2 protein chains.
Amino acid sequence: MTTPAAPTNDARERLAATASDLFYRKGIHSVGVDRILSEAGMSRATMYRHFGGKEDLVVAYLEGEDRTIRSQVAAAGGAPDPLAAAIHGIADDVAHRHTRGCPFINAAAEYPDEASPVRRLIATHRAWFRGVLTQAAAGAGATDPERVAAALVMLRDAALVGGYLDGAESIREAFLDAASAVTGADLA
Amino acid sequence: MTTPAAPTNDARERLAATASDLFYRKGIHSVGVDRILSEAGMSRATMYRHFGGKEDLVVAYLEGEDRTIRSQVAAAGGAPDPLAAAIHGIADDVAHRHTRGCPFINAAAEYPDEASPVRRLIATHRAWFRGVLTQAAAGAGATDPERVAAALVMLRDAALVGGYLDGAESIREAFLDAASAVTGADLA
DNA sequence: ATCGAGAGAGAACGATCGTTCTCTCTGGCG
DNA sequence: CGCCAGAGAGAACGATCGTTCTCTCTCGAT
């Protein structure tokens, strides 16, 4: 077979990576396609060959975040105490990776229409995440797993927002404190 | 003295009210000045006579939110149990008023530069709010008021985000649960 | 060797962005 | 009465938005 004219997959991935980085760092409506293209070093037509438009780029950005988190959760699922692993994973994520807040929460702030593809994707992601935490809490022997999961979803949202607006270092302790209280576990 | 040619205060307030409503409901970068003006029923020059530009309108929007919350807090300060009053006030706010999330958190998602006037205003507001909660916790006899306040700030952020993205009714119980656990109080 | 499909570059599109300019009208004051 | 400072309306500005079009070049196939 050999690649026909050019693999293009390289261009697509580079485009998605550049767009994702800009969307997260600068916000979605704030960055124009011109900037994405110049930063990715490619031309307009190339982008419109791979994506239907800017919104598809936004969806790809959030799908990428979703994929990353799912793989992290899958990795944590193998730990001896999945719930504790998830909580420490969130704390590390806030401190090192998501220092500009939660990509989904930030995107939702810019997309008020809950019927839009972006908001649907966010809703799906959140429902999945809540489900995973419910299972983990049940596995840890919680008497009311859904209640624990609901509290942890709240605390994760708060940790990401607080880490962004108040500083990651000031939120870590409060987050781990509250998470211990909710799960009954002792989290260093 | 009597008003010179026209009070104009009416125009200014109507403009600020219209802009605030649109910014909150639709997001900031999504609404153009044309829409604000047409919805407020006035002309461009009138706006630029009262505000230096769109960003001043954004600042006025957040200042208005700040003022509203401060007066609500002042009112709650007179209650027999200020801390409990604040918590119930937050729960009601999420359920009835701020169903599109927290204006400050949403605005911060669109303003990555922490040196910008918008972000400075947000930081000031959050610092003030944290201080008020610390005082309230101390007044309620908490052994570690700052820790209680930090937890409540987190829970308020989470309640507003969760109320927006997951529905106000599904977040109320979790919020009151967690708040009781943190404060040690029994919040119906 | 010739062709055609696919990928890329860049000019150009209309629409809208935030902002400025020009003009008219009103109302208090000499 | 004449006047002018202030408020408002609306046309127009350049810049940028997201999108489409046209052209070139490179490939594999015939």
Side-chain angles (χ1 to χ4, degrees), chain A residues 1-23 25-62 107 109-113 116-118, chain B residues 1-23 25-62 107 109-113 116-118:
Chain A
M1 46 173 289
T2 74
T3 51
T8 264
N9 276 7
D10 156 73
R12 184 182 216 278
E13 283 176 26
R14 188 170 34 130
L15 189 51
T18 304
S20 297
D21 178 63
L22 283 172
F23 286 154
R25 285 191 4 248
K26 306 289 181 183
I28 295 173
H29 290 330
S30 299
V31 311
V33 296
D34 291 29
R35 176 150 187 203
I36 297 171
L37 293 169
S38 84
E39 207 143 314
M42 70 181 56
S43 184
R44 292 184 148 63
T46 309
M47 168 195 147
Y48 280 95
R49 199 170 303 280
H50 292 289
F51 295 92
K54 186 189 177 185
E55 183 152 305
D56 287 19
L57 232 33
V58 177
V59 169
Y61 154 54
L62 294 177
E110 301 197 54
Y111 286 83
D113 179 11
S116 71
V118 168
Chain B
M1 42 175 293
T2 74
T3 52
T8 264
N9 276 8
D10 156 71
R12 185 182 215 279
E13 283 175 25
R14 190 174 31 145
L15 191 50
T18 304
S20 297
D21 178 64
L22 282 171
F23 286 153
R25 286 192 3 250
K26 304 290 181 184
I28 295 174
H29 290 329
S30 300
V31 311
V33 294
D34 291 29
R35 175 150 187 201
I36 297 172
L37 293 170
S38 84
E39 207 143 314
M42 72 181 55
S43 182
R44 292 183 147 63
T46 307
M47 168 195 146
Y48 280 94
R49 198 171 302 280
H50 291 290
F51 295 92
K54 186 189 177 183
E55 182 151 306
D56 287 18
L57 232 33
V58 177
V59 169
Y61 153 54
L62 294 177
E110 300 198 54
Y111 285 83
D113 179 12
S116 70
V118 168

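Order of the sequence lines fixes the chain letters, A, B, ..., with proteins taken first and strands second; residue numbering starts at 1 for each chain. In what follows, every heavy atom counts, from backbone to side chain, and hydrogens, waters and symmetry copies are set aside. It should be emphasised that the depicted structure is a prediction, and the values quoted were computed from it without experimental measurement.
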Let me know the distance between [atom1] of [X] and [atom2] of [N], rounded to the nearest Å.
{"X": "B:L37", "N": "D:dG8", "atom1": "CG", "atom2": "P", "result": "12 Å"}
{"X": "B:I28", "N": "C:dG18", "atom1": "CD1", "atom2": "P", "result": "12 Å"}
{"X": "A:M47", "N": "C:dG10", "atom1": "CE", "atom2": "C1'", "result": "15 Å"}
{"X": "B:K54", "N": "C:dC17", "atom1": "NZ", "atom2": "P", "result": "8 Å"}
{"X": "B:I36", "N": "C:dT16", "atom1": "CD1", "atom2": "P", "result": "16 Å"}
{"X": "B:L15", "N": "D:dA9", "atom1": "CG", "atom2": "P", "result": "11 Å"}
{"X": "A:D34", "N": "D:dC17", "atom1": "CG", "atom2": "P", "result": "5 Å"}
{"X": "A:K26", "N": "D:dC17", "atom1": "NZ", "atom2": "C1'", "result": "19 Å"}

Q | Residue whose closest nucleotide on DNA chain D lies nearer the 5' end, B:S43 versus A:V31 | A |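 Counting from the 5' end, the first nearest nucleotide belongs to B:S43.
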Q | N/O donor-acceptor pair, side chain A:R49 with base C:dG8, under 3.5 angstrom | A |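 In this structure, the two groups form a donor-acceptor pair.
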Q.
Just N and O in the side chain of A:H50: are any of them under 4.0 Å from OP1 or OP2 of C:dA7?
A.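 No, no such contact exists.
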**Q.** Out of C:dG18, D:dG18, C:dG10, whichever nucleotide has its closest atom nearest the side chain of A:V33
**A.**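 Nearest to the side-chain atoms of A:V33, counting from C-beta on, is D:dG18.
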Q: Taking the side chain as every heavy atom from C-beta outward, state whether B:L15 and B:L37 have any pair of such atoms under 4.5 Å apart.
A: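 B:L15 vs B:L37: side chains touch.
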Q) With a 4.5 Å limit on heavy-atom distance, are the side chains of A:M47 and A:L57 in contact? A)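 A:M47 reaches A:L57 side chain to side chain.
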Q | Validation row, ring centre B:F23 to ring centre B:H29 under 6.0 Å | A |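 Centroid separation for B:F23 and B:H29: 6.0 Å or greater.
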Q: On DNA chain C, check which nucleotide each of B:R44 and A:M42 is closest to and give me the residue with the more 5' one.
A: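 Between the two, 5'-proximity favours A:M42.
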Q) 5'-most contact on DNA chain C: B:G52 or A:T46, nearest heavy atom basis? A)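 Nearest-nucleotide comparison on DNA chain C picks A:T46.
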Q: Could you check B:F51 against B:V59 for side chain to side chain contact (heavy atoms under 4.5 Å, CB included), going step by step and ending with a plain yes or no?
A: CA-CA 10 Å; B:F51 295 92; B:V59 169; over 6 Å; no
Q: Please report the closest heavy-atom contact between A:K26 and A:V31, naming both atoms and the distance.
A: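 Looks like CB-CG1, 3.5 Å.
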